[in-house]
Chemist: 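Below: one structure in C-alpha cells.
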Amino acid sequence: MADLLDIFQFAFMQRALIAGVLVSFLSSILGVFVVQRGLSFLGDGLAHASFAGVALGILLGIEQPLWIALPYTLAVALGIAWLRNHTQLSSDTAIGVLFAVSVALGVMFISLREGYTVDAWHLLFGSILAVGRDDLVIMLVMTVIVSMTLGWLWGNLAYATFDSDLARADGVNVRRLEYLLFSLAAMVIVMSVKVVGVILIAAYIVIPAAAAKLVAPSLASMTLISLAVGVLSTLVGLGASYVLDVPSGSTIILCQTLAFAGLGLVGTLRARA
C-alpha cells in the first residue's frame, strides 16, 4: 500500500489521477441518462465523431486538435438528434450513419496530412499518463460547464427520461432537453478522448451506469452508485496499471466490469430473497 501511494507523488501520476477522476465523474453522471434512455450506442458514435474532429485539426495543423474536435462532435451530436426527431430513422440507425461517415472522414483527413505519422494506439485507446497541464485546464473548464448545466437541468431531464409524454404535457420542452443532452455528451466525450481514447470512452459512459441500474431503486441512487463505480474503478485501475505495467485505460474498464459483475450478483441474490 505504501508503494502504491508513493507512485502518486509523481507529477504525471497526479495529472493522470485528476484527469481520470474528472472523466469518470462526468461520464458516470451522463451515463445514467444515456442508459435510461436506451442510447448506449451514442457514446460510440460520438467518440468516432471526435476522432474525425481530431483528424481534421491535425490536417489543419492546429496545435490543440480538441478545439476542432469539439465543434465537429457537437455538430454530429445535434445531427443525430435532428435525424431522430425529423425522420423515420431510429436512434441506432442515425448514429450508425454518422458513425460511418466520421470514421471515413477521419481516415481521409489523416491520410491527407503529409509527413504526419499518427499514433493509432493513443488515438484509439488514450494515454492517460501523458495528460499535460493544458489538457487538464481544458478538462476542468468543461467539467464546470457540464456539471452546472446538468445540475440546472436535472429535474426536467429526470422527468423527461422516465415519462416524456407526461413531461411534454406539463410544458417541459422535451426536444430541447434532448438536444442539450446530446451536446453535453459530445463535450464529455471530446474531453475524454485524450484520457481513454475513441474505443474505450463508450465503456466509461455505459458500464458504471449499467452496473448501478442492476441494484438502484431510483434515479438518484443510480446516479450515486454510478459515480462510486466510475471514480473508484479509476483510482484502483490507475494504481493497478502502474504496478502491473499494463495499459491504464483497459485496466480501468476491467475494474468497472468487475464492479458490474459484483453488482449483478447482488441484484440477483436480492431478487431471489
Side-chain angles (χ1 to χ4, degrees), residues 1-31 40 43-44 46-48 50-51 53-54 64-66 69 73 117-143 146 185 187-212 225-263:
M1 180 61 68
D3 292 338
L4 188 59
L5 293 176
D6 285 343
I7 66 175
F8 289 106
Q9 295 179 4
F10 299 109
F12 73 92
M13 285 298 295
Q14 293 170 4
R15 290 194 296 269
L17 178 63
I18 295 171
V21 169
L22 291 177
V23 169
S24 59
F25 175 79
L26 288 182
S27 59
S28 297
I29 296 177
L30 185 69
S40 298
D44 269 328
L46 293 183
H48 285 79
S50 69
F51 165 70
V54 169
Q64 180 52 273
L66 291 183
T73 309
T117 303
V118 62
D119 189 340
W121 181 269
H122 287 169
L123 276 177
L124 295 177
F125 300 102
S127 181
I128 191 171
L129 298 181
V131 172
R133 291 184 179 181
D134 291 342
D135 298 316
L136 276 184
V137 171
I138 294 173
M139 295 174 70
L140 284 168
V141 171
M142 287 193 179
T143 298
V146 174
M187 294 179 66
V188 171
I189 286 170
V190 169
M191 68 169 270
S192 306
V193 166
K194 175 79 174 183
V195 178
V196 292
V198 170
I199 301 297
L200 299 180
I201 181 56
Y204 256 79
I205 292 174
V206 173
I207 294 179
I225 296 172
S226 178
L227 276 171
V229 171
V231 173
L232 290 176
S233 297
T234 298
L235 297 175
V236 174
L238 188 58
S241 68
Y242 186 88
V243 172
L244 300 175
D245 193 22
V246 292
S248 302
S250 57
T251 305
I252 293 170
I253 299 301
L254 291 174
C255 288
Q256 292 177 355
T257 304
L258 288 174
F260 177 86
L263 290 176

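Only heavy atoms go into these numbers, but all of them, side chains included; no hydrogens, no water, no symmetry mates.
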Chemist: Is the backbone N or O of F25 less than 3.5 Å from a side-chain atom of S28, with the two atoms forming a donor-acceptor pair by type?
Modeler: no

Chemist: Within the side chain of S233, is there an N or O that forms a donor-acceptor pair under 3.5 Å with the backbone of G230?
Modeler: no

Chemist: Compare every heavy atom of Q256 with every heavy atom of A203, then report the nearest pair and how far apart it is.
Modeler: O-OE1, 3.5 Å

Chemist: Shortest non-hydrogen contact from G237 to T251?
Modeler: O-CG2, 3.4 Å

Chemist: Between S50 and V190, which heavy-atom pair has the shortest distance, and what is it?
Modeler: CB-CG2, 4.2 Å

Chemist: Among all residues two or more places apart in sequence or in another chain, which pass the side chain to side chain donor-acceptor pair (under 3.5 Å) test with S226?
Modeler: none

Chemist: Among L17, V23, I252, which residue meets the side-chain contact (heavy atoms from CB on, under 4.5 Å) test with T234?
Modeler: I252

Chemist: Using every non-hydrogen atom in the two residues, find where A47 and I201 come nearest and quote the distance to one decimal.
Modeler: CB-CG2, 3.3 Å

Chemist: What are the two closest heavy atoms between G43 and I205, and how far apart are they?
Modeler: CA-CD1, 4.4 Å

Chemist: What is the distance from atom OG1 of T143 to atom CD1 of I138, rounded to the nearest 0.5 Å?
Modeler: 11.5 Å

Chemist: Could you state the interatomic distance from OG (S192) to OH (Y204), rounded to the nearest 0.5 Å?
Modeler: 8.5 Å

Chemist: Are the side chains of M187 and L26 in contact, using a 4.5 Å heavy-atom criterion?
Modeler: no

Chemist: How long is the gap from NE2 on H48 to CD1 on I189, to the nearest 0.5 Å?
Modeler: 11.0 Å

Chemist: Where is the tightest heavy-atom contact between V236 and C255, given as atom of each residue plus distance?
Modeler: CG1-SG, 4.0 Å

Chemist: Between V229 and I207, is any pair of side-chain heavy atoms under 4.5 Å apart?
Modeler: no

Chemist: Dump the intermediate steps for side chain to side chain contact (heavy atoms under 4.5 Å, CB included) on L263 and I225, then the final yes or no.
Modeler: CA-CA 10 Å; L263 290 176; I225 296 172; 4.0 Å; yes

Chemist: Is any side-chain heavy atom of M139 closer than 4.5 Å to a side-chain heavy atom of I18?
Modeler: no

